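I have placed the structure first, in the form of structure tokens, so that the comments after it can refer back to it.
A quick note: this is a predicted structure, and the numbers were derived from the prediction, not measured. Lettering follows sequence order; numbering is per chain, from 1. These numbers come from the heavy atoms of this one structure, side chains and all, not from hydrogens, waters or symmetry mates.
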2 protein chains.
Amino acid sequence: MEARLRDILKEHDLKVTPVRLQVLEVLATSEVALSHHDISNRLSDDSVDKVTLYRTLHAFAERQLIHKVPSDGPNGLYAFRLSHDAHAHFICDGCERVYCTPLPEAARPVAPTLTAGFQVTTQDVRLHGYCPDCHA
Amino acid sequence: MEARLRDILKEHDLKVTPVRLQVLEVLATSEVALSHHDISNRLSDDSVDKVTLYRTLHAFAERQLIHKVPSDGPNGLYAFRLSHDAHAHFICDGCERVYCTPLPEAARPVAPTLTAGFQVTTQDVRLHGYCPDCHA
DNA sequence: CTATTGATGCAACTCAGTTGCATGGCCATT
DNA sequence: AATGGCCATGCAACTGAGTTGCATCAATAG
């Protein structure tokens, strides 16, 4: 497990440190997108400085190891980037957890023809609804 | 003009006050989504208290007069709600302005079949690219 | 015109995220 | 294995968005 995490870091030209291994493990094993606060709580040794954690997240995002998830709330969410394929974010209106799900080819939106002069490069889909836990 | 704004407020069960008329005018005449800061700057008489402005925005959003736009940045954006139809948000990667555009029927994404137990109610599409001003 | 309800303004606060700087640890090179 | 450079870490102090409590004032109903 840890060997695999080590490799991931190296492949992305990131120095291997205890903090980074821990943070990466937390993100890689979470099904939902996590906030700075969430991650901090899940670190076994919770003595990681908040600034270090922010900088670690920035470094990871810069190297495309994780990506920042656009959120409705005030604080940022981060999710491990499983693949570079198109994916959607599922936001549960019950528990407010954000799931990062792959988006099948057939479900992708067609690039709309906008007013002349607007050039679309990428797009992402946000789905609202209820996750299994909050199903009514 | 002002008479029209008055009516909009009344139709949404909101008291008509000078602050609200001004804020509504700013939002209704803007092509792009605006932050608290943007709105504050555009108010002719810029003596409106920041707390009042936040509360005004909350009141408007609660009555569906405007809606909060999910943003990548740290601060919230608000846009006048032209219609209740599906619409997309176009985020210019050059100037970072956010345009609120209607989404034609044909361009809407199909609800993807997710893992069992996930129930989708609404969805919104975010388009990244370049606006006419930033076109390369 | 008056009363009531809710809008406004002010002060002080919380919380996310940032910046500067000094120290310590990772890793390449020998 | 030892050395040294460079970057990751931690600490302190700061910025800026957004909130809360409370007193005052203005919009609308009667």
Side-chain angles (χ1 to χ4, degrees), chain A residues 2-3 5-27 33-41 43-63 65-66 68-78 96 98, chain B residues 2-3 5-26 33-41 43-63 65-78 96 98:
Chain A
E2 198 197 288
L5 298 175
R6 275 194 131 75
D7 291 344
I8 295 179
L9 288 175
K10 282 181 186 165
E11 281 162 21
H12 289 80
D13 289 304
L14 290 161
K15 275 193 190 171
V16 178
T17 70
V19 174
R20 288 180 176 179
L21 284 170
Q22 282 181 62
V23 175
L24 181 55
E25 178 168 6
V26 168
L27 282 163
L34 301 173
S35 68
H36 177 280
H37 187 75
D38 295 333
I39 299 168
S40 197
N41 282 339
L43 292 174
S44 47
D45 136 38
D46 69 346
S47 64
V48 175
D49 188 75
K50 66 169 183 164
V51 179
T52 301
L53 183 46
Y54 277 119
R55 288 199 267 233
T56 302
L57 293 172
H58 288 168
F60 284 6
E62 202 174 306
R63 301 293 162 80
L65 224 167
I66 62 175
K68 203 176 175 187
V69 179
S71 117
D72 293 317
N75 34 12
L77 294 177
Y78 297 88
E96 300 198 327
V98 178
Chain B
E2 197 196 288
L5 297 176
R6 277 196 129 75
D7 290 346
I8 294 178
L9 287 175
K10 282 183 187 165
E11 281 161 22
H12 290 80
D13 288 305
L14 289 162
K15 275 193 190 174
V16 177
T17 71
V19 174
R20 289 180 174 180
L21 285 170
Q22 282 182 62
V23 175
L24 182 55
E25 178 168 6
V26 168
L34 300 174
S35 69
H36 178 279
H37 188 75
D38 295 333
I39 299 168
S40 198
N41 283 337
L43 292 175
S44 48
D45 134 39
D46 69 348
S47 65
V48 176
D49 188 75
K50 65 168 184 164
V51 179
T52 301
L53 182 46
Y54 277 118
R55 288 199 267 233
T56 302
L57 292 172
H58 288 168
F60 283 7
E62 201 173 307
R63 301 294 162 82
L65 223 167
I66 63 177
H67 69 280
K68 204 176 176 187
V69 178
S71 119
D72 292 316
N75 34 13
L77 294 177
Y78 297 88
E96 301 199 324
V98 178

Would you sort out whether F60(B) and L9(B) count as a side-chain contact (heavy atoms from CB on, under 4.5 Å), showing the intermediate values?
CA-CA 9 Å; F60(B) 283 7; L9(B) 287 175; 3.8 Å; yes
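- For the helix from dC1(C)-dG30(D) to dT30(C)-dA1(D), the end axes, each set by the C1' atoms of five terminal pairs, are bent relative to each other by 40° (nearest 10°).
- We find that CG of D13(A) is positioned 14 Å from C1' of dC7(D), with the value rounded to whole Å.
- Scanning all heavy atoms of the two residues, the minimum distance from L53(B) to V23(B) falls at CD1-CG2, 3.8 Å.
- Remark: P of dG17(C) and CG of D49(A) are 15 Å apart, rounded to the nearest angstrom.
- The separation between L57(B) atom CG and dA17(D) atom P is 14 Å, rounded to whole Å.
- Under 4.0 angstrom from either OP1 or OP2 of dT18(C) there lies at least one side-chain N or O belonging to H58(A).
- Not one side-chain nitrogen or oxygen of T56(B) sits closer than 4.0 Å to the OP1 or OP2 atom of dA7(C).
- Straight-line distance from the CG atom of L9(B) to the P atom of dA7(C): 11 Å, rounded to whole Å.
- We find that CG of L53(B) is positioned 12 Å from P of dA17(D), with the value rounded to whole Å.
- Across all non-hydrogen atoms, the minimal contact from L14(A) to A59(A) is CD2-CB, 4.2 Å.
- Here D38(B) contributes atom CG and Y78(B) contributes atom OH; the two are 12.0 Å apart, rounded to the nearest 0.5 Å.
- Taking CG of L77(B) as the start and OG of S71(B) as the end, the distance is 5.0 Å to the nearest 0.5 Å.
- Side-chain contact between L43(B) and V19(B) is absent, with no heavy atoms from C-beta onward closer than 4.5 Å.
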What is the per-nucleotide protein-contact pattern of nucleotides 25-30 of chain D, from the 5' end, where B denotes a base atom under 4.0 Å from a protein heavy atom, S denotes such proximity for sugar-phosphate atoms only, and - denotes neither?
--BS--
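- To the nearest 0.5 Å, atoms OG1 (T56(B)) and CD1 (I66(B)) are separated by 9.0 Å.
- For K50(A) against dG17(C), a side-chain N or O and a base N or O form a donor-acceptor pair under 3.5 Å.
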Pairs: protein N or O with nucleotides 19-22 of chain C N or O, under 3.5 Å:
| unit_1 | atom_1 | unit_2 | atom_2 | d |
| --- | --- | --- | --- | --- |
| dG20(C) | O6 | R55(A) | NH2 | 3.3 |

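- Here the C1' atom of nucleotide dT8(C) and the CG atom of L21(B) are 15 Å apart, to the nearest Å.
- Formation of a donor-acceptor pair under 3.5 Å by the R6(B) side chain with backbone atoms of V16(B) is not found in this model.
- Separation of atoms CZ (R63(A)) and CD1 (I8(A)) is listed at 15.0 Å; rounding is to 0.5 Å.
- The NZ atom of K68(B) sits 10.0 Å away from atom CG of L57(B), with the distance rounded to the nearest 0.5 Å.
- Atom-to-atom, CZ of F60(A) to P of dT9(D) comes out at 9 Å; the value is rounded to the nearest Å.
- Listed nucleotides: dT19(D), dT9(D), dT18(C). Nearest to the side chain of Y54(B): dT19(D).
- Here the shortest heavy-atom pairing between L27(A) and I39(A) reads CD2-CD1, 4.1 Å.
- A close approach under 4.0 Å does not occur between any side-chain nitrogen or oxygen of S47(B) and OP1 or OP2 of dT8(C).
- A straight line from OH of Y78(A) to P of dG17(C) spans 6 Å, rounded to a whole angstrom.
- The nearest pair of heavy atoms linking H36(B) to K50(B) is NE2-O, 3.2 Å.
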